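Everything quoted here is computed from the prediction, not taken from an experiment. In what follows, every chain begins at residue 1, and chains take the letters A, B, ... in the order their sequences are listed.
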Number of protein chains: 4
Amino acid sequence: MARPRSNDKRDAILNAAVEVLAEMGERAPTSKIAKLAGVAEGTLFTYFNSKEELLNQLYLSLKAELRHVMMLGYPTDTDLKAQMHHVWQSYLNWGISAPQKRKVMAQLSTSEQITEQSKQIGMQSFCDLTQSIQNQVDKGCLRDYPPLFIGSIFGAMAEVSINFMVQDPMSAESYRESGFEAFWHAVAIM
Amino acid sequence: MARPRSNDKRDAILNAAVEVLAEMGERAPTSKIAKLAGVAEGTLFTYFNSKEELLNQLYLSLKAELRHVMMLGYPTDTDLKAQMHHVWQSYLNWGISAPQKRKVMAQLSTSEQITEQSKQIGMQSFCDLTQSIQNQVDKGCLRDYPPLFIGSIFGAMAEVSINFMVQDPMSAESYRESGFEAFWHAVAIM
Amino acid sequence: MARPRSNDKRDAILNAAVEVLAEMGERAPTSKIAKLAGVAEGTLFTYFNSKEELLNQLYLSLKAELRHVMMLGYPTDTDLKAQMHHVWQSYLNWGISAPQKRKVMAQLSTSEQITEQSKQIGMQSFCDLTQSIQNQVDKGCLRDYPPLFIGSIFGAMAEVSINFMVQDPMSAESYRESGFEAFWHAVAIM
Amino acid sequence: MARPRSNDKRDAILNAAVEVLAEMGERAPTSKIAKLAGVAEGTLFTYFNSKEELLNQLYLSLKAELRHVMMLGYPTDTDLKAQMHHVWQSYLNWGISAPQKRKVMAQLSTSEQITEQSKQIGMQSFCDLTQSIQNQVDKGCLRDYPPLFIGSIFGAMAEVSINFMVQDPMSAESYRESGFEAFWHAVAIM
DNA sequence: AATGAATGAGGCTTCATTCAT
DNA sequence: GATGAATGAAGCCTCATTCAT
């Protein structure tokens, strides 16, 4: 048998892509990505058939990571607000500690190179969260908005909060809580 | 590099840029933009010294247009909520009727090519709005958040709303009002 | 007005292509062709949109040149055999004096990159010759073969003759006449 | 480089090469050939040291096959014309039933990658035929041309005939016989 | 001022070949 | 022997920018 494909290498390429994309945007050359990943340029193309595929896979991988992080330690036996707060904290912590990944996710979200299919798949990652929001809407705890709408508001508010936290670290904790408070008032029935 | 003469041409180039950028993202070539604008490739560079300058000017121009649109017919002698609602409607109408411009603004906002300075200037367009928000905070009508934070929440909620309106035109008006309602609860003291 | 496109440059590229293709076959790189033509590699692509187009244009240009050469000084008021002999001589002289062009024409004729359309057009160059053959067939001077068939036999015999002339220059004149004799017997009614 | 073991694999590679070369010309990648042959990319290189060697071997193999086919059932005790006609039929049948092989042989014949040596060897395959032609020339049955010249005329006329048969199958049999007739008149003394 | 041909660096991708498994 | 991942040199083509006209 020949050398098997290495997950390490695949990950190294994805990580390198994050770094180069964060620095150069969509114009990040595959050569720079490969070099930073420590592989030959040709090798990149044994793991991803094209630059476009690399970008799409990266997009999905980041979405999956974010989703994973948000669900880590999710408290099942507390009230809705506490649960939401937990997810809020996880999101913000990730966004602050992985600024390049966050930046790249934002870039890719508006990129022409990300296919509609990838966006669909990326969204489906969050369908259990969506479902759980639906349940709360049905119970009358949240305003009667489509759960995806609520989810998008959550994401938008989180992004705004992270931006302010990063730009003004002194007041970071204040933004963190204000953001959640604003979100909560936006969607909860009190 | 002689002085450019025609504002028409400058505008034609900016408009063409919107179209090509919307279709191709950051990889939109200046040649395509020039062609669509009806000028020669070289002519583009008498109006903008470089592609980067073109992108920055476009960014500022779009920000200015949005700001202009939002302030059109601003009602000075009603209550805060009505004022905000007016601006909300203006923003959403613009976003829906100029989807390419909106798309390009989102792209440019995450682009490496837009300088920090441009972002600063773009933000200052809205400083009168910001000032007026500050006044309302001081009067206790809005939560005690920094006015830029409130402004960002406004923008973020508007973007979310437009996305849903565009994607699901049947329920557009419902999203429009739900979005405003959510925003208002997020920031107002009731 | 900007600099106009130069026919000289176009021709230089085509001539360079002949040389490099003769030496390297279809794997001739555009970079070598451009260099030999004395232009930048990018310039090649302002004259030909792609390598494939370059090859097709070259094919047509060679066909046209051959056709032109064959008709130079075509004697209209002699008998058929003398006319054919004239064309024979022209073909062979060209083939011998332009061995690279001949070689490249042979290569391109079997190349995947030459479109069916190019082959059609290339063949139509010779339609007046074909017509004149048809007339002779009708008059009973040539065997009752389709004129294109006779034309192909002509070409094939000429190619064989040139090959032997080139390979064995001492007997060149003998092959030249033997070839014509064989062709004539193949198609003429005596 | 160990010794290859399986003739089956060697043949599979050669057959795959025919197919891929017919479709893609000289730019046929070894990887595609290997895949179609059902072996690993690397395996190809245990059977052929380089792509060039593969092409040369393929060329020789095709020449040998053609030679073999042409001599199958060769009638030794009939007159010259019948013998030639037999060979003619064999050649044409092969050419029509194996169009890819024929196409590839034509390609390789004009390819830079085929060495002079291979061409020599390929020609020698036909030396017994050549010898037999020489005898007929000596006996005054054929024109006094070098036998290789006659052989080349034979090949050229056969190729022309096959081309027309393939392109116009309705008249195939007519081309088949006309072609032979033309060839015979070209070289025979009647 | 306007034009668009010219430039050549650089981008993405392919591919013959090697070599670890 | 067989495999196919790894390599990196090329290959084709694009494009921002310059400059002759």
A.B. asks: Identify, with sequence neighbours excluded, every residue that meets side chain to side chain contact (heavy atoms under 4.5 Å, CB included) alongside C:Ser109.
C.D. replies: C:Tyr59

A.B. asks: Test of understanding: with side-chain hydrogen bond (donor to acceptor under 3.5 Å, both in side chains), list the residues that count as partners of A:Arg5, not counting sequence neighbours.
C.D. replies: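 Here no residue qualifies.
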
A.B. asks: State which residues pass side chain to side chain contact (heavy atoms under 4.5 Å, CB included) with C:Met123; sequence neighbours excluded, sorted by chain then number.
C.D. replies: C:Leu148

A.B. asks: Which residues pass the side chain to side chain contact (heavy atoms under 4.5 Å, CB included) test with B:Asn56, not counting sequence neighbours?
C.D. replies: B:Glu52, B:Ile114, B:Thr115, B:Ser118

A.B. asks: Applying salt bridge (charged side-chain N to carboxylate O under 4.0 Å, His left out), can you list everything that pairs with A:Glu112, at least two apart in sequence or on another chain?
C.D. replies: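 Partners of A:Glu112 by the salt bridge (charged side-chain N to carboxylate O under 4.0 Å, His left out) criterion, ordered by chain and then number, come out as B:Lys103.
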
A.B. asks: Once salt bridge (charged side-chain N to carboxylate O under 4.0 Å, His left out) is applied, do any residues pair with C:Arg27, and if so which ones, sequence neighbours excluded?
C.D. replies: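 C:Arg27 satisfies salt bridge (charged side-chain N to carboxylate O under 4.0 Å, His left out) with no residue once adjacent residues are dropped.
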
A.B. asks: Taking for each residue the nucleotide of DNA chain E with the nearest heavy atom, is it C:Lys9 or A:Gly42 whose nucleotide lies nearer the 5' end?
C.D. replies: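 Nearest nucleotide further toward 5': that of C:Lys9.
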
A.B. asks: Taking CD from C:Glu41 and C1' from F:dC12, how many angstroms apart are they, rounded to a whole number?
C.D. replies: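 Atom-to-atom, C:Glu41 to F:dC12, this comes out as 7 Å.
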
A.B. asks: Let's see if you get this right: which residues in residues 17-35 of chain C place a heavy atom under 4.0 Å from DNA chain E?
C.D. replies: none

A.B. asks: Please enumerate all residues that pass salt bridge (charged side-chain N to carboxylate O under 4.0 Å, His left out) together with C:Glu19, with sequence neighbours excluded.
C.D. replies: none

A.B. asks: Tell me, which stems hold DNA chain E, with a stem being 3 or more Watson-Crick or G-U pairs in a row and both distances under 3.5 Å?
C.D. replies: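 So far as stems of 3 or more pairs are concerned, DNA chain E shows E:2-21 with F:2-21.
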
A.B. asks: Go through the structure and list residues passing salt bridge (charged side-chain N to carboxylate O under 4.0 Å, His left out) with A:Glu65, not counting sequence neighbours.
C.D. replies: A:Lys101

A.B. asks: Round to the nearest Å and state the distance from C:Ile13 atom CD1 to E:dA5 atom P.
C.D. replies: 13 Å

A.B. asks: Check whether the side chains of A:Thr30 and A:Glu41 place a donor and an acceptor atom closer than 3.5 Å, and report yes or no.
C.D. replies: yes

A.B. asks: In whole angstroms, how far is the P atom of F:dG1 from the CG atom of D:Asn7?
C.D. replies: 14 Å

A.B. asks: Return the value, rounded to whole Å, for the distance between atom CZ of C:Arg3 and atom C1' of F:dT21.
C.D. replies: 8 Å

A.B. asks: Which is more 5' along DNA chain F, the nucleotide nearest D:Gly38 or the one nearest A:Gly38? Just name the residue.
C.D. replies: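 On the 5' side of the pair lies D:Gly38.
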
A.B. asks: Picking from F:dA5, F:dT17, F:dA2, which would you name as closest to the side chain of A:Arg5?
C.D. replies: F:dA5

A.B. asks: When you measure from the side chain of C:Tyr47 to the backbone of C:Ser6, do you find a donor-acceptor pair of N or O atoms at a distance under 3.5 Å?
C.D. replies: yes

A.B. asks: Can you name the side-chain hydrogen bond (donor to acceptor under 3.5 Å, both in side chains) partners of A:Arg10, sequence neighbours left out?
C.D. replies: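 With neighbours one apart ignored, the set is empty.
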
A.B. asks: If you take any heavy atom closer than 4.0 Å to DNA chain E, which residues from residues 44-59 of chain A end up in contact?
C.D. replies: A:Phe45, A:Ser50, A:Lys51

